[in-house]
Protein chains: 4
Amino acid sequence: MEIAEASSTQKKIIDAAIKVFSEKGFEGATTSEIAQEAGVAEGTIFRHFDTKKGILQGILISAVTSFQRPQIMVSLARMIEKGEDHSCVSMVKEQLDVIEQQLPLLKLLFYEAQFHTEVQEIILEKIARPILDLLSQSIGKRKNMREFRCFDSNLMAITLISSLWGYVIWKQIASEEETIDEEEALIQVLHIWLKGVQANLHDC
Amino acid sequence: MEIAEASSTQKKIIDAAIKVFSEKGFEGATTSEIAQEAGVAEGTIFRHFDTKKGILQGILISAVTSFQRPQIMVSLARMIEKGEDHSCVSMVKEQLDVIEQQLPLLKLLFYEAQFHTEVQEIILEKIARPILDLLSQSIGKRKNMREFRCFDSNLMAITLISSLWGYVIWKQIASEEETIDEEEALIQVLHIWLKGVQANLHDC
Amino acid sequence: MEIAEASSTQKKIIDAAIKVFSEKGFEGATTSEIAQEAGVAEGTIFRHFDTKKGILQGILISAVTSFQRPQIMVSLARMIEKGEDHSCVSMVKEQLDVIEQQLPLLKLLFYEAQFHTEVQEIILEKIARPILDLLSQSIGKRKNMREFRCFDSNLMAITLISSLWGYVIWKQIASEEETIDEEEALIQVLHIWLKGVQANLHDC
Amino acid sequence: MEIAEASSTQKKIIDAAIKVFSEKGFEGATTSEIAQEAGVAEGTIFRHFDTKKGILQGILISAVTSFQRPQIMVSLARMIEKGEDHSCVSMVKEQLDVIEQQLPLLKLLFYEAQFHTEVQEIILEKIARPILDLLSQSIGKRKNMREFRCFDSNLMAITLISSLWGYVIWKQIASEEETIDEEEALIQVLHIWLKGVQANLHDC
DNA sequence: TATGAATGAGCTTTCATTCAT
DNA sequence: TATGAATGAAAGCTCATTCAT
């Protein structure tokens, strides 16, 4: 399994880079630190990636695979199509925990996108757009059934995603504060959104 | 007026640093670039700030003044207390534009907060917390009047703020796309939230 | 004398670089070695020259000044115009010693010219061409007086220069061998050339 | 025929190294580039040569074979012994073209000789000295016949070689200029030298 | 106080060389 | 024997910081 082994070095570097970039930011991280974390020589990094920026793109490519159609979004879409569903909420909760673990990576990618056009384009086309489309479609179906208000579907999707995002970020920041039960909090966030987008009888 | 002059130099540096940090990020920016942008010698920077990080804190301090109780939040609080108010919406819209102009700075501060504890603390205590308290209080009043659902006030506030934040970020990213009228979009976002938090008669 | 001092750092670097490049070649030399030789910090080099190659160009520029119309060539031109002149020979000898001291630098510049177009162009236009023109003109005058053969003037000049160059190089390489007296050798080289280019009565 | 194959690999490496060294200089060339040019793995180079410098010596050894008694020098020696001979001139011309094709290699070897004693010694003993001896002997014979001036034989030989060398280099550098016919130029160079060394009746 | 040349530690990157396969 | 991934020392270069003026 030579190929597997070859790519295993690459994987080690990617994993180390995710860790170090997440902790220090892209510019704040050093290749020597990444090498050490990966347990390889610094020169080895540059046999696998042309430049330091190349590592970032490598991370992105590997991230695209796992974020392109994240399970949480599929669950959310299902929840939207079927109306609120408590079994669904617990699934969403579970998957939100996964997202939280990757929060530093996500923040890194979204932030660095400002400075690296290639990164921005890939994130937009391969991550943000597919997710948004997925949710927009589900939202559109409910709109057609007159169950959701006839607002802009994208906007409704964004409202949902950013509410969840805001909740996750807040949990991180205010970690030591007295907060309500996590599952309860998630339910409240989803309830607010669901009720917010529900159509009145005489709407539209 | 030497003091005035000194502080004017300081202001020039702060302004230049905001520009350069916003464009390149904190680590990506160089003090020499900031000096050039400010029209001062590189050494001069270090008469006003001990270290590069000191400039970031300087920015933060000057930002705290303008963000501590930003007009937009006051308007939002008023809107919450009085119920939806169209005159209020147009004010919110106006102030959201101001926010948008400072978006790079805000993103910078929020992002760098991860890596610099002092920055994080100041943002939390001087910006995030006051804003959240302001909104939470207004929300609390409506809750007491049984007009808002008896959800966690902080959570409701976060849902509102992050919906608006998400909307602003999306506008930036998807700038060239066909989007609905900005004012209409803002109204939709606020409507979703307002309806989402409104109490049913038999709630709680 | 601040200006003098500022440029003195630059001069120190140039002088050190001439020494190190001459000893190790351009690629074989390191900037750290140059810095050490110059007695400055390595970083200082890059305040004065953008890149390592920039140092080479800096050397060239300073060399152009001293080689553009080297005294030896003026003496040679005079010798050519007046016919052989023993006082002239001793002057040429003297100046040839100067050239010899700068031999490593000259070899460096001529050799590196192969790899750096900018260097090549400057050497050609600012050093080689003026020298060749100077000699060609003097040769031309004698040709017009029917005292020199009607060969190509440039070619005659090249024959002279390269004979001298060959002699100097040989002296270096075969330094420890028994060689004839230097002044005598020089006279012989010049005699060969002078007799070689002299016109017969019935020439042309 | 493993030995034959091995040596063929070695030859491929030598040929590639000549090309790459000629184009980039010794220090400027990389072993990876040589490997690629040779169509072998980088590691393979080090099965045939201990170090990078070893390749240079390998080149030198293979060059010694072809330069030790180059045909052009034999032709020149014959020309000297017999006096000017037009059939000889055209042969010299032909062989000078061969030299020109190997000019980069020759320049490389002569230049690098400065930095590598072993290279210098081999060039001196195996190339320069034999050539010089060959010409000196022929010159000596004419001197004995009172047909050449009683100058130092080595010096006369050097004058001849460097005139030709200077001519070849000049052709390269000033390639795009209007120059006289190559054969005519060569004849002029040789005429200048021949007439320059010819004895007057009452010489010595 | 403001300057900007100098600093030197530390960065990203290169490359001759090694070695398990 | 040939391979090419891995190595790590050292390269060129950057930049926050200092300090004499």
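Lettering follows sequence order; numbering is per chain, from 1. Only this structure's heavy atoms are used, side chains among them; waters, hydrogens and symmetry mates stay out.
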Atom [atom1] of [X] and atom [atom2] of [N]: how far apart are they, to the nearest Å?
X       : N      : atom1 : atom2 : value
D/Asp50 : E/dC19 : CG    : P     : 14 Å
D/Phe49 : F/dT1  : CZ    : C1'   : 15 Å
C/Lys12 : E/dT7  : NZ    : C1'   : 13 Å
B/Ile45 : E/dG4  : CD1   : P     : 12 Å
C/Lys53 : F/dC13 : NZ    : C1'   : 16 Å
D/Lys52 : F/dA11 : NZ    : C1'   : 13 Å
C/Glu27 : F/dA10 : CD    : P     : 18 Å
D/Leu56 : E/dA16 : CG    : P     : 13 Å

Is the shortest side-chain N/O distance from [X] to OP1 or OP2 of [N] below 4.0 Å?
X       : N      : value
B/Thr51 : F/dA16 : no
A/Arg47 : F/dA5  : yes
A/Thr44 : F/dT7  : yes
D/Ser32 : E/dC15 : no
C/Thr9  : E/dA6  : yes
B/His48 : E/dA2  : yes

TODO: Have a look at C/Ala29 and say if it touches a base, only the backbone sugar-phosphate, or nothing, with a 4.0 Å heavy-atom cut-off.
DONE: sugar-phosphate
TODO: Just call it for C/Thr30: base, sugar-phosphate, or nothing, with non-hydrogen atoms closer than 4.0 Å on any strand.
DONE: sugar-phosphate
Task: Complement of E/dT21, any strand, by Watson-Crick or G-U distances under 3.5 angstrom - done: F/dA2
Open item on the list: Need to verify one output field. Residue with the more 5' nearest nucleotide on DNA chain F, C/Phe46 or B/Phe26?
Closed with: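 It is C/Phe46, whose closest nucleotide lies nearer the 5' terminus.
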Task: Nearest-nucleotide comparison on DNA chain F, the residue closer to the 5′ end among A/Glu42 and B/Gly28 - done: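 Looking at the nearest nucleotide for each, A/Glu42 comes out on the 5' side.
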- [ ] Please tell me if the side chains of A/Lys12 and A/Glu37 come closer than 4.5 Å, counting only heavy atoms from C-beta onward.
- [x] no
TODO: Evaluate the side-chain proximity of D/Ile34 to D/Phe21: yes if any heavy-atom separation is below 4.5 Å, no if none is.
DONE: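 When only atoms from C-beta onward are counted, D/Ile34 and D/Phe21 do touch, with a gap below 4.5 Å.
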TODO: Start with the C-alpha gap between B/Phe49 and B/Ile14, add the side-chain angles, then the distance that decides, and say whether side-chain contact (heavy atoms from CB on, under 4.5 Å) holds.
DONE: CA-CA 10 Å; B/Phe49 304 94; B/Ile14 292 265; 3.8 Å; yes
TODO: May I ask you to decide if the ring planes of B/His116 and B/Phe26 are parallel, tilted or perpendicular, using 30° and 60° as cut-offs?
DONE: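 Answer is perpendicular, since the angle exceeds 60°.
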TODO: Nearest-nucleotide wise, let me know which of D/Gly43 and B/Gly43 is further upstream toward the 5' end of DNA chain E.
DONE: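 Result: B/Gly43.
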Open item on the list: Go nucleotide by nucleotide along DNA chain E from the 5' end; which of A/Thr31 and B/Gly39 gets its closest nucleotide reached first?
Closed with: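 Taking each residue's closest nucleotide, the earlier one in sequence belongs to B/Gly39.
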Task: C/Gln57 and C/Glu118: side chain donor to acceptor below 3.5 Å - done: yes
Open item on the list: Pairing donors with acceptors under 3.5 angstrom, does anything connect the side chains of C/Thr31 and C/Glu42?
Closed with: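 Side-chain D/A pair, C/Thr31 to C/Glu42: present.
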